Amino acid sequence: MLNNPALTPAHKTTSEPLSKLHVTGLSLLLATIILFGAWVEFRGALANKHRTDIGSYLRAAWTVRTGGEMYKITDDRGWHYVYPPFFAILMTPLADPPHGENRTGYLPYEVSVGIWYIITMALGAAGIGALARAVEDPFRNLAAGRGRRFSQRWWTLRAAPLLILLPAIGRCQVRGQVGLLIVFLLCCAAASILKGRRLRAGLWLSAAISIKVIPVVLLVYPLWRRDWRMLSGSAAGLLVGLVLVPVIALGPARTAASYKALYQETLNPVIRGDSGGRFGQELTRITNTDSNSPMVVLHNLIHPDRNSRPMVTAPGVRVAHWTVAFIMLAITLLVSGWKGRWYSGKVEATIAEVSLLSAFIPLMFVASPIFHPHYVSMAVPVVMILIVILWERYSFGHMPLRWKALFWFIAVSQLLTSIDMGPFLYLRDFGLVLFSTMSLWAATLVAIRQTAPVPFVSEVPIPRPFRIDIGKIAVILPAFNEREVIGRAVESAIEFSINNPNYHFLFVDDGSTDGTIEVLKESLNERETAGNVAFVGYVSNKGKGHAIRTGFEKMDADAYCFMDADMAYSTDYLKVMKEKLETADMVIGSRSLCARLSGKVEAMRAFLGTSFNWMVTSALNLPFRDTQAGLKGFRREAAKHLFKKSNVSGFSFDAEILFLARKSGFWIDEFEVYASGEHEYKNGWRVLGMSLTMLRDLLHIKWRNFKGMYD
């Protein structure tokens, strides 16, 4: 164990059972769902005036069975069906004839409403469970997978997204909407990505698009990734859902007529803002909808008086809406990064990949000209992935206040805007739900850059390496002009090696010009017992990478580590690395995992580390939180493979090694480290020169990869 107590922050145990308070809370949640179902049944079927959207679905399903026109018939409130034919076909078992028609062979309307509520709640729960299992199974080294079944962590992973989005889910269910059905399909798509089953992920996504049009925005994800398998699955699913099933159920002529009506009466008016046609008042007249799209919110801000507000938006407002949508899309793609030409042959089944997919979910709400607040119920996968990332970053039970505030903001915005009276109407009109949704989107993009590293996964997920026993460990310390600190570093290495004889230290002088090599000699000669500590050197400066490769060639060991020669990191971390290398191919220290310390030096280090890390991760598409920390370890086989292929000799050696490790399929663990407060950073001009050198080296790495020189 580490001597410094600050290095081992307290965490909740991994399998705490539920307390009586937790059991009571879950029981109340279940009772609330049951009672809410009774309220939905009364409001949607038993009251004198039915207030639910399911009527239009069931009426369209009736036309499927009788040969009518699904886009002409209305429910009892005069509302039309506005979804693709596939959904109406799915709803045929619950079809509801108009008043006066023969009801023989049809379920009572009240029964259909109750069945629909049960089905959607069950599917929502099934989707949450499927995604939670997918998060836990391949990533048991991460925070989400450390909890015993039915422990607090296990239940929290499943219940927290439901609780955070409960107001939105309630709005969705009380209207009889399809939100939880879409949640099920999107959760299954995300789970399939985590399992490396991209073709199946495309099929799940195509099912969501075939039911409700707006998930088509998520197709940008496989297009941008050039993920041909997922695109193939999506294309096959859309062919079945949008063409084959309607043709079989309706016939070719009715199918063609249905799509013509869908385009003319629904899609075209929504995109153009045309208030004419049968659906004009239902879809595009601002005063007849609770939409919170940028178009509607901007229109309401321009015309704050509800009584004199125009029913249709101006063309400039619609242009502004699409401009906002395209800017958000561009930012999402920029944050995700471009994968390169070899990516289409391999896919990363990581939390980072699923967080990218989930970033398109709030984007699809905002991009839609009609954004009803209950759409946010479909953001369950987004919230779950965010929770997993936060647990891994801060540990279970230690979520920062700013993230808790985000989740509260989402829930409260739904609660306040659901009150249809007084000042609460203005909160809805002026975009409270829109702002909370955009906050969720922005938080997801931030999380993409903060996800923990997980193993590279090709077509078949690579298993974690078998546990091995590590005997001799070589520690390489490259040094260049470290005269002021090298003496203390030698003393620290000697003391550690005496107490831990399996560790062998080798200082490599990289052509220092300030007398570092002389201090190394004196420090070792002055000690009667130098432990397992030695040094080598050469005349000209050749860079950190060359020094480390030189040390590797000089030593024979079961595992290799390198760390900064000024001992910026405690030698106790070497014990942590040894333990992790027993079950991983490579281990890296990360300063970004730790809470930032106070002081000017730490602020400078945080700024420089963030800048360098952003440059490296963006250029090479690496998910690591800290690529440049001078503390990394390798098993012998991994070190031999990586050092043989590496070409960079300078400061960017770390970035190249990480890129090669990811490309080669090695399992990489990342753990938190603290740098010493005495760790000296370079001055401004040196930092500028290092930045330009790193940029050059990154281009060099990408060029070598493009030419196949790393294959």
Side-chain angles (χ1 to χ4, degrees), residues 1-2 7-8 141 452-456 464-479 489 492-493 496-497 500-508 532-533 544-545 547-594 622-646 653-662 664-676:
M1 298 299 293
L2 302 180
L7 302 179
T8 55
N141 59 311
V454 292
F456 183 94
R464 192 179 183 96
F466 291 110
R467 177 180 290 275
I468 64 172
D469 292 327
I470 295 177
K472 181 179 178 181
I473 301 174
V475 183
I476 303 167
L477 300 97
S492 179
F496 186 85
S497 66
N500 302 274
N502 289 341
Y503 292 82
H504 295 250
F505 291 79
L506 178 65
F507 288 86
V508 182
N532 298 320
V533 181
K544 172 183 176 181
I548 292 173
R549 284 192 291 265
T550 299
F552 170 73
E553 294 170 357
K554 297 289 185 182
M555 304 186 76
D556 181 39
D558 298 319
Y560 295 83
C561 303
F562 69 80
M563 60 192 302
D564 292 336
D566 63 354
M567 291 290 185
Y569 306 98
S570 169
T571 51
D572 284 330
Y573 284 124
L574 295 173
K575 298 179 182 179
V576 179
M577 297 181 74
K578 176 181 180 297
E579 180 182 348
K580 289 185 173 294
L581 284 172
E582 292 176 350
T583 56
D585 296 307
M586 181 176 174
V587 178
I588 66 174
S590 173
R591 296 160 295 185
S592 300
L593 290 169
C594 305
L622 298 176
F624 308 111
R625 301 170 186 168
D626 188 356
T627 61
Q628 297 308 119
L631 189 63
K632 294 178 173 66
F634 313 81
R635 287 186 178 182
R636 177 167 50 194
E637 295 78 9
K640 182 177 180 180
H641 176 84
L642 296 174
F643 293 168
K644 181 180 179 181
K645 285 182 174 290
S646 68
F653 170 79
D654 300 72
E656 184 188 37
I657 285 294
L658 288 172
F659 177 76
L660 286 171
R662 292 277 289 174
S664 302
F666 287 120
W667 186 293
I668 306 170
D669 271 352
E670 187 175 10
F671 72 104
E672 60 183 6
V673 297
Y674 287 81
S676 167

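We count residues from 1, following the sequence as given. It should be emphasised that the depicted structure is a prediction, and the values quoted were computed from it without experimental measurement.
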Can you tell me how far [atom2] of [Y] sits from [atom1] of [X], rounded to the nearest 0.5 angstrom?
X      : Y      : atom1 : atom2 : answer
Arg549 : Lys644 : CZ    : NZ    : 14.0 Å
Tyr573 : Met563 : OH    : CE    : 10.0 Å
Leu658 : Lys632 : CG    : NZ    : 5.5 Å
Leu581 : Arg636 : CG    : CZ    : 13.0 Å
Leu660 : His641 : CG    : NE2   : 7.0 Å
Glu637 : Ile468 : CD    : CD1   : 6.5 Å

Where is the tightest heavy-atom contact between [X] and [Y], given as atom of each residue plus distance?
X      : Y      : value
Ala547 : Pro478 : CB-CB, 3.7 Å
Asn502 : His504 : O-CD2, 3.5 Å
Ala584 : Asp669 : CB-OD2, 3.8 Å
Ser646 : Glu656 : CB-OE1, 3.3 Å
Lys544 : Asp654 : NZ-OD1, 2.7 Å
Tyr569 : Val673 : CE2-CG2, 3.9 Å

Any carboxylate oxygen within less than 4.0 angstrom of a Lys/Arg side-chain nitrogen, looking at Asp558 and Lys472?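 The answer is no: the pair does not qualify as a salt bridge.
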
Side chain of [X], backbone of [Y]: donor and acceptor closer than 3.5 Å?
X      : Y      : answer
Ser492 : Ala489 : no
Tyr560 : Gly551 : no
Asp566 : Ala568 : yes
Asn532 : Pro501 : yes

Beyond-backbone contact of [X] with [Y], side-chain heavy atoms, under 4.5 angstrom:
X      : Y      : result
Phe659 : Thr627 : no
Phe507 : Val533 : yes
Lys578 : Tyr503 : yes
Phe552 : Phe634 : no
Lys554 : Val508 : no
Leu642 : Phe666 : yes

Salt bridge (charged side-chain N to carboxylate O under 4.0 Å, His left out) partners for Glu579, two or more places apart: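 Once residues adjacent in sequence are excluded, Glu579 has no partner under the salt bridge (charged side-chain N to carboxylate O under 4.0 Å, His left out) criterion.
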
Check the pair Ile473 / Leu574 against side-chain contact (heavy atoms from CB on, under 4.5 Å), numbers first and verdict last. CA-CA 9 Å; Ile473 301 174; Leu574 295 173; over 6 Å; no

Among Lys575, Arg635, Arg467, exactly one meets salt bridge (Lys or Arg N to Asp or Glu O under 4.0 Å) together with Glu582. Which residue is that?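 Of the listed residues Lys575, Arg635, Arg467, the salt bridge (Lys or Arg N to Asp or Glu O under 4.0 Å) partner of Glu582 is Arg467.
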
